[in-house]
Chemist: 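Below is one structure. I have some questions about it.
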Amino acid sequence: MTRGVAIDVVGTGDQLVPTPHPRDGRPRPGPRVPTPVAAGDPVVPTDNPPPSPREGDDDAPATPEAGPTAVRGVDPDEAEEFLRLFHTENPASGPVEPRIVAVREEIDRTGTYVHTHDELEFGARVAWRSSARCIGRLYWRSLHLRDRRHVTAPEEVAAECVGHLREATRRGRIRSTITIFAPDGPSGPGPRVWNEQLIRYAGYRAGGRVLGDPRYVGFTDTARSLGWLPPSPMGRFDVLPLVVTGGGEHAAAGPQVHEVPRDAVMEVDLHHPEHAWFAELGLRWHALPVISNMRLDIGGISYPAAPFNGWYMATEISARNLADADRYDMLAEVADAMALDTSSDRTLWRDRAAIELTAAVQHSFDEAGVSLADHHGESQRFLRFVEKEEAAGRHCPVDWSWIVPPISGGLTPVFHRYYDEPTDTGPMFRLDDQAKARGRGCPV
Ligand code: ARG
């Protein structure tokens, strides 16, 4: 076990659940008041391969962090713009002017400022509301905030991530939740979670093939090089450990690996409402999607660790994770079990297999009592969201190619229209190039 590696995290309390799933970032303007930083992102020596040139649409264009070690000073104009938005949308918070004066003074004095609880909660909610790739934004106002800005030590970050899993899962009654850790600031960087999501499955190279999730072969290697021992025997659905770098004075110490306790991870075994053979495929998926490597930018303050979750839409699992050729690639096996003619794509065996996989995911989650959307309902809710945003006079950024579901696109109403272009202002989730590389096991 290498130095700085701790295995096993004690989870925190038990609480409980809508659906942020912006999956990544867009370009942002460069720093206006660059400040040097105390310590930076440590880099783990690995012999991982470079990122795959073949990237699915999960891999969004990303932006560099402001250098591996840079922490930017806060731009007072960005702060003011955010405060104006907050006060306009929250009239009960009183007049904005005194707050602007106080924040400008605080930035002058300290190089940064501290969000109030209400500002932070609003900022996180607006970042969700502005996530052009997320179809689940109707309930953006219900995002539950776990304010953990005081947390920088890596073992505490890991423990709080486990706490997030427990509180958000609620035995299946999933609650949209965000945990916000310490921001980058003049006294050092905030902590970082290397994992793309808090719960993901390991991928192991075995001969010319991969056991598990091929997407995480590189990350699995990184975890192992940091001392993680995979279960024995290795399986197709081994939950990866958390890899965390601390913030502030802990930043220089290098990444730590923390196992995710089994009882913090709810999973659903997949079976089909009509086909008994389906269960034999041995498929399962985790209940909670928690994106953990995107930074949250609010009013000039940058929170590099702010894991957030919604609940799944079935097709994310059935038509992408389990179906994509570079993921679990299950369509042929399902089609064979259905005795479909797979001699030509034109028989539509792929399409029919993807539909039955989707039926199995919906049925299994429903039976297990786990929140899960379907692409028809979610599309309708999304159009309600767009209408509400238009009625409020707000620009509503939408990335059509991410909103239209991966099966039956034209059968859903989201397919049949144009939307506002994505923008890059205001509170926003972003994926830095370095965070993206770390999430794939290719630290740069
Ligand atoms: N598509 C990602 C996955 O399959 C999850 C992205 C977030 N999705 C969500 N419903 N909040 O794991």
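Ligands are counted one by one from 1 in listed order, and the atoms in each one are counted from 1 as well.
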Chemist: Taking 4.0 angstrom as the limit and counting only heavy atoms of Asn321, give me the atoms of ligand 1 inside it, by number and element.
Modeler: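 Reading through ligand 1 atom by atom, the close ones are 3 (C), 4 (O), 12 (O).
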Chemist: So for ligand 1, is Glu316 a polar contact partner (N or O within less than 3.5 Å, distance only)?
Modeler: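 Yes; at least one N/O pair falls below 3.5 Å.
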Chemist: List for me each residue that meets salt bridge (charged side-chain N to carboxylate O under 4.0 Å, His left out) alongside Arg236, sequence neighbours excluded, and say none if there are none.
Modeler: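 So Arg236 forms no salt bridge (charged side-chain N to carboxylate O under 4.0 Å, His left out) with any residue.
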Chemist: Between Arg133 and ligand 1, find which residue part has any heavy-atom pair under 4.0 Å and reply side chain, backbone, both or neither.
Modeler: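 No part of Arg133 is near ligand 1 at this cut-off.
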Chemist: With sequence neighbours excluded, tell me which residues meet side chain to side chain donor-acceptor pair (under 3.5 Å) with Arg224.
Modeler: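 Arg224 satisfies side chain to side chain donor-acceptor pair (under 3.5 Å) with no residue once adjacent residues are dropped.
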Chemist: Quick check on side chain to side chain donor-acceptor pair (under 3.5 Å): which of Arg327, Arg440, Glu196 does Tyr216 satisfy it with?
Modeler: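 With Tyr216 as partner, side chain to side chain donor-acceptor pair (under 3.5 Å) holds for just one option, Glu196.
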Chemist: Check the pair Asp263 / Arg166 against salt bridge (Lys or Arg N to Asp or Glu O under 4.0 Å), numbers first and verdict last.
Modeler: CA-CA 9 Å; Asp263 64 347; Arg166 297 189 199 280; 3.3 Å; yes
Chemist: Taking only heavy atoms of Gln197 into account, list the atoms of ligand 1 that are under 4.0 Å away from them.
Modeler: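 Under 4.0 Å from Gln197, ligand 1 has these atoms: 2 (C), 3 (C), 5 (C), 12 (O).
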Chemist: Does Arg149 pair with Asp147 as a salt bridge, N-O distance under 4.0 Å?
Modeler: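 Salt bridge present between Arg149 and Asp147.
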Chemist: How long is the gap from NE2 on His416 to OG on Ser379, to the nearest 0.5 Å?
Modeler: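 These two atoms lie 9.5 Å from each other.
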Chemist: Measure the distances from the heavy atoms of Arg320 to every atom of ligand 1 and state whether one is below 4.0 angstrom.
Modeler: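 No heavy atom of Arg320 comes that close to ligand 1.
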Chemist: I want to know if ligand 1 touches Tyr312 in the polar sense, i.e. an N/O pair below 3.5 angstrom.
Modeler: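 Indeed, backbone or side chain, Tyr312 has an N or O that close.
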Chemist: Which atoms from ligand 1 have a heavy atom of Arg200 less than 4.0 Å away?
Modeler: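 Contacts of ligand 1 toward Arg200, numbered from 1: 3 (C), 4 (O), 12 (O).
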Chemist: Quick one: which ligand 1 atoms are inside 4.0 Å of a heavy atom on Trp311?
Modeler: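 Those of ligand 1 that fall under 4.0 Å from Trp311 are 9 (C), 10 (N), 11 (N).
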